[in-house]
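Only this structure's heavy atoms are used, side chains among them; waters, hydrogens and symmetry mates stay out. Just so you know, residue 1 is the first one in the sequence shown, and it goes up from there.
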Amino acid sequence: KKNALKPWQKKHWCISKVTADFVWRMEDILERYAEAYDPRRPVVCFDERPYQLLADARAPLAMKEGRLRREDYEYRRWEGCNLFVVFQPATG
């Protein structure tokens, strides 16, 4: 096929060594997740992600019949922020 290879597309992940200490700590965490739900001892997960706030440099053109909404590729950088997520996996 033409253009079957797409070298600009790639996946990133951490390639690390799996040591005995890592396995011991991971087993401890997985055992905690496998426990039955106890409201007195909830399992709470927390994650944080930095996020760059962006704004349109020019107002987008509205969608019309037969034409999609048009947005300019140029943008203005605003300040950054942090997104926080806290959840209980056992309760959904």
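For the atom pair CD of Glu74 and CZ of Arg76, the computed distance is 9.5 Å after rounding to the nearest 0.5 Å. Note that CZ of Arg49 is 11.0 Å distant from CG of Asn82, once rounded to the nearest 0.5 Å. Distance check: Leu61 CG to Arg69 CZ gives 9.0 Å after rounding to the nearest 0.5 Å. To the nearest 0.5 Å, the span separating CD on Gln52 from CD on Glu79 amounts to 9.5 Å. The distance from atom CZ of Arg70 to atom CZ of Arg58, rounded to the nearest 0.5 Å, is 14.5 Å. For the atom pair Trp78 CH2 and Leu54 CG, the distance stands at 10.0 Å (nearest 0.5 Å).
Tracing side-chain contacts under 4.5 Å through hydrophobic residues (I, L, V, M, F, W, Y), one reaches Leu30 starting from Val23; they form part of the same cluster.
Heavy-atom neighbours of Phe84 CZ from other residues, nucleotides or ligands within 6.0 Å: above the threshold of 12. Counting non-hydrogen atoms of neighbouring residues, nucleotides and ligands closer than 6.0 angstrom, the CZ atom of Phe22 reaches no more than 12 such neighbours. For CZ of Phe46, the number of neighbouring non-hydrogen atoms (other residues, nucleotides, ligands) closer than 6.0 Å is greater than 12. Other residues, nucleotides and ligands place more than 12 heavy atoms under 6.0 Å from the CG atom of Leu83.
The shortest distance between side-chain heavy atoms of Met26 and Val18 does not fall below 4.5 Å. Side-chain contact between Val44 and Val86 is present, with heavy atoms from C-beta onward closer than 4.5 Å.
Contact between Arg67 and Ala62 at its shortest, heavy atoms only, is NH2-O, 3.4 Å.
Taking a cutoff of 4.0 Å between a charged side-chain nitrogen and a carboxylate oxygen, Arg32 and Asp28 do not qualify as a salt bridge.
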